[in-house]
Amino acid sequence: MSPDAIEQLFEALARERPEPSTELVYRDPFTLLVAVVLSGQATDVAVNRVTADLFAVADTPANLVALGVEGVETRIKRLGLYRNKAKNLVALSERLLAEHAGAVPNRREALEALPGVGRKTANVVLNEVFGEPTIAVDTHIFRVANRTGLAPGTTPAEVERRLLETVPARWLAGAHHWLILHGRYTCTARKPRCASCVIREHCAWAAARAIP
DNA sequence: ATCCCGAGGG
DNA sequence: CCCTCTGGAT
């Protein structure tokens with residue numbers, strides 16, 4: 001995709017959604033980590049409702065361990081996939097206490113070694129907590145980057161690398177947000193809303209399907 | 001029906 | 001690479 005097209009693409013996305021309105025709610029590194037672990041296969045809105053209940057009684061590793069797996073389960077049940085998540089969060093908190101003095105580690109290897117934490121979650125923490133220049137590639141970003149042709153790749157890591165080398169610095173800070181929301185509300189997996197898409201004229205996928 | 005800011009295991 | 005885990009919102 002040409003530099004001009006990339007410029008217009010991000011201008012259009014930023015014009016459509018200037019405000020980050022659906023970010024996950026958190027107040028420190030630990031609650032951010034918990035919120036992101038909970039967000040797997042769940043909507044941002046549902047996660048924010050659940051974390052409000054959970055953090056009221058458990059917003060530190062020690063509190064969360066004290067709450068126990070069943071206590072966590074009852075508070076996150078409406079998310080789905082709650083058994084794995086509850087077990088992981090308690091085990092993760094125990095590990096933070098035992099191996100990292102109760103703090104969230106700042107190295108990728110240490111983060112990805114935690115139960116329930118994969119590359120995407122680690123990237124969110126590395127970026128939002130430790131300020132590392134990464135873009136956490138979730139299914140939305142992966143799909144949008146590939147369909148449009150903005151940053152094609154067969155693995156999230158490849159898409160991430162291409163985004164970092166392709167997206168101009170002034171758009172990079174918001175790119176994560178805009179691409180996620182675009183994937184969430186417009187460029188959905190099975191039935192994308194191309195008719196109301198503000199970047200369809202810069203989309204390789206739409207072009208291949210002759211969408212005007 | 002469709003979708004949800006994944007991770008872990010086979 | 002493919003499957004499973006899970007409930008809720010729209």
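Reminder, nothing fancy here: chain letters follow the sequence lines and each chain counts from 1.
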Distance in angstrom units between A:L111 CG and B:dG6 P, rounded:
18 Å
Where chain A begins and ends its contact with DNA chain C, read 5' to 3' at 4.0 Å from heavy atoms:
C:dC5 to C:dA9
So, does A:T121 get its side chain near the phosphate of B:dA7, meaning an N or O under 4.0 Å from OP1 or OP2?
yes
Atom OH of A:Y82 and atom CZ of A:R75: how far apart are they, to the nearest 0.5 Å?
15.5 Å
Within residues 130-163 of chain A, the residues having a heavy atom closer than 4.0 Å to DNA chain B are A:D138, A:T139, A:H140, A:R143
How close do A:R200 and A:A206 get, heavy atom to heavy atom, and via which atoms?
O-CB, 3.8 Å
What is the minimum heavy-atom distance between A:P105 and A:L96, and which atoms define it?
CD-CD2, 3.7 Å
How far, in whole Å, is B:dG10 from C:dT6 if one measures between their P atoms?
15 Å
B:dA7 C1' sits how many Å from A:L81 CG, rounded?
10 Å
Please list, for nucleotides 8-10 of chain B, all pairs of protein and nucleotide N/O atoms separated by less than 3.5 Å.
| unit_1 | atom_1 | unit_2 | atom_2 | d |
| --- | --- | --- | --- | --- |
| B:dG8 | OP1 | A:G116 | N | 2.9 |

Evaluate A:I180 against A:I141 for side-chain contact (heavy atoms from CB on, under 4.5 Å), listing each step before the verdict.
CA-CA 6 Å; A:I180 283 183; A:I141 298 184; 3.7 Å; yes
Out of B:dC5, B:dG6, B:dT2, whichever nucleotide has its closest atom nearest the side chain of A:Q41:
B:dG6
Report which part of the nucleic acid A:K85 touches: base, sugar-phosphate, or nothing (heavy-atom distance under 4.0 Å, all strands).
nothing
Checking the side chain of A:R184 only, and the main-chain atoms of A:H140 only, is there a donor and an acceptor separated by less than 3.5 Å?
no
Of all heavy-atom pairs between A:A58 and A:N63, which one has the smallest distance, and what is that distance?
CA-CB, 3.7 Å
Quickly work out the A:L79 CG to B:dC5 C1' distance and round it to whole Å.
13 Å
On DNA chain B, check which nucleotide each of A:A122 and A:A189 is closest to and give me the residue with the more 5' one.
A:A189
Does atom CD of A:E165 have more than 12 heavy-atom neighbours, drawn from other residues, nucleotides or ligands, at distances under 6.0 Å?
yes
Closest to the A:R184 side chain: B:dC5, B:dG6, B:dT2?
B:dC5
For A:W171 and A:F10, take the angle between the two ring planes, folded into 0 to 90°, and tell me which bin it lands in: parallel under 30, tilted 30 to 60, perpendicular over 60.
parallel
Verdict with reasoning, A:H100 to A:V104, per side-chain contact (heavy atoms from CB on, under 4.5 Å):
CA-CA 7 Å; A:H100 302 285; A:V104 175; over 6 Å; no
Shortest non-hydrogen separation from A:V198 to A:A12 and the atoms involved:
O-CB, 3.7 Å
Remember a base hit wins even if backbone is also touched, and classify A:A46 as base, sugar-phosphate or nothing at under 4.0 Å, heavy atoms.
nothing
Is it the case that the side chain of A:R95 and the backbone of A:A113 share a donor-acceptor pair, with hydrogens and angles ignored and the cut-off at 3.5 Å?
yes
